[in-house]
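To start, the structure under review is shown below, and the notes come after it.
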Amino acid sequence: MDKQKLIDNLNQDLAGELSAIIQYITYAAKTTGPYRPQLAAFFLQEVADEQMHAQFLANKIVALGGEPVTIPAPVPKASTNREMLEAVLAAELQAGKDYTERASQADEFGDKGLVVALEDMVRDETGHSEETERMLRDWPV
Ligand SMILES: [Fe+2]
Ligand SMILES: [Fe+2]
């Protein structure tokens, strides 16, 4: 794994985290109905984790000699609570897959600290996707 390729991939991950922050803030604002208080709180609580991931990635990209991106990946459009939860589930599953792949690339590159940090992020994203999947399991509408 060449250093520039690793920086480019980490920048893709950073664009994803910036998108996740915007996605959660936007969905928290848009959620409606009797579950709005819980859903808004749930979405907003995720922002803190995604912000930590974004900060870590930006710092690591600079440490490796790269320039962190400032443009987020597009946020998926969603109207209903269910569509928002489904979009969140898809994004969290994708993030888990991406960080699993990135951890093996970091291992190939020879940066053990980055491997460990990315594996921690796999754990965080897995927690997010499992929580969202359980909410969707008995979703009433
Ligand atoms: Fe994240
Ligand atoms: Fe997440």
Side-chain angles (χ1 to χ4, degrees), residues 1-33 35-141:
M1 172 61 43
D2 127 90
K3 190 196 254 193
Q4 190 54 51
K5 181 67 190 156
L6 182 61
I7 290 170
D8 292 346
N9 290 344
L10 291 170
N11 255 325
Q12 274 183 29
D13 298 331
L14 176 56
E17 292 293 348
L18 296 174
S19 171
I21 292 167
I22 297 167
Q23 182 176 21
Y24 280 124
I25 289 173
T26 306
Y27 289 1
K30 282 172 57 130
T31 182
T32 54
Y35 304 114
R36 173 172 163 73
Q38 285 122 308
L39 279 175
F42 172 69
F43 290 146
L44 289 177
Q45 155 201 316
E46 304 296 294
V47 172
D49 278 356
E50 313 305 7
Q51 184 187 335
M52 292 295 291
H53 297 163
Q55 282 178 243
F56 169 78
L57 291 167
N59 275 299
K60 190 67 196 187
I61 288 160
V62 172
L64 289 169
E67 177 69 23
V69 294
T70 54
I71 299 172
V75 174
K77 291 255 180 298
S79 302
T80 64
N81 291 338
R82 188 188 187 95
E83 282 170 8
M84 288 189 267
L85 285 168
E86 282 170 348
V88 160
L89 178 59
E92 294 291 355
L93 288 171
Q94 187 60 50
K97 271 173 68 179
D98 290 344
Y99 290 135
T100 302
E101 188 188 5
R102 210 68 67 233
S104 78
Q105 291 171 350
D107 195 34
E108 209 184 300
F109 178 67
D111 188 334
K112 188 64 185 170
L114 180 55
V115 174
V116 172
L118 288 164
E119 285 175 347
D120 280 351
M121 285 157 68
V122 173
R123 180 202 53 215
D124 292 345
E125 309 300 16
T126 303
H128 298 164
S129 62
E130 285 180 354
E131 192 64 25
T132 309
E133 192 277 331
R134 283 190 287 166
M135 290 165 75
L136 275 166
R137 246 182 239 181
D138 292 308
W139 199 256
V141 267

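Note that ligands are numbered from 1 as they come in the structure, with each ligand's atoms numbered from 1 the same way. It should be emphasised that the depicted structure is a prediction, and the values quoted were computed from it without experimental measurement. Side chains included, hydrogens not; waters and symmetry mates left out as well; all remaining heavy atoms used.
Residues N59 and Q55 bring no donor and acceptor atom of their side chains to less than 3.5 Å of each other. Side-chain contact check for Q12 and D8: no donor-acceptor pair (N or O, by modelled atom type) lies under 3.5 Å.
Within the coordination shell of the Fe ion (ligand 1), defined by N, O or S atoms under 2.8 Å, E17 is present. The Fe ion (ligand 2) has an N, O or S atom of E125 under 2.8 Å away, backbone or side chain. Distances from the Fe ion (ligand 2) show that E92 has an N/O/S atom below 2.8 Å. Among the backbone and side-chain atoms of H53, none of the N, O or S atoms lies under 2.8 Å from the Fe ion (ligand 2).
Atom ND1 is the N, O or S atom of H128 at the shortest distance from the Fe ion (ligand 2). Distances from the Fe ion (ligand 2) to each N, O or S atom of E50 single out OE2 as the nearest.
Not one N or O on the side chain of D13 forms a donor-acceptor pair closer than 3.5 Å with the backbone of Y99.
No option in M121, Q23, E17 other than E17 meets the side-chain contact (heavy atoms from CB on, under 4.5 Å) test with E50.
Around the OH atom of Y35, the shell of radius 6.0 Å holds no more than 12 heavy atoms that belong to other residues, nucleotides or ligands.
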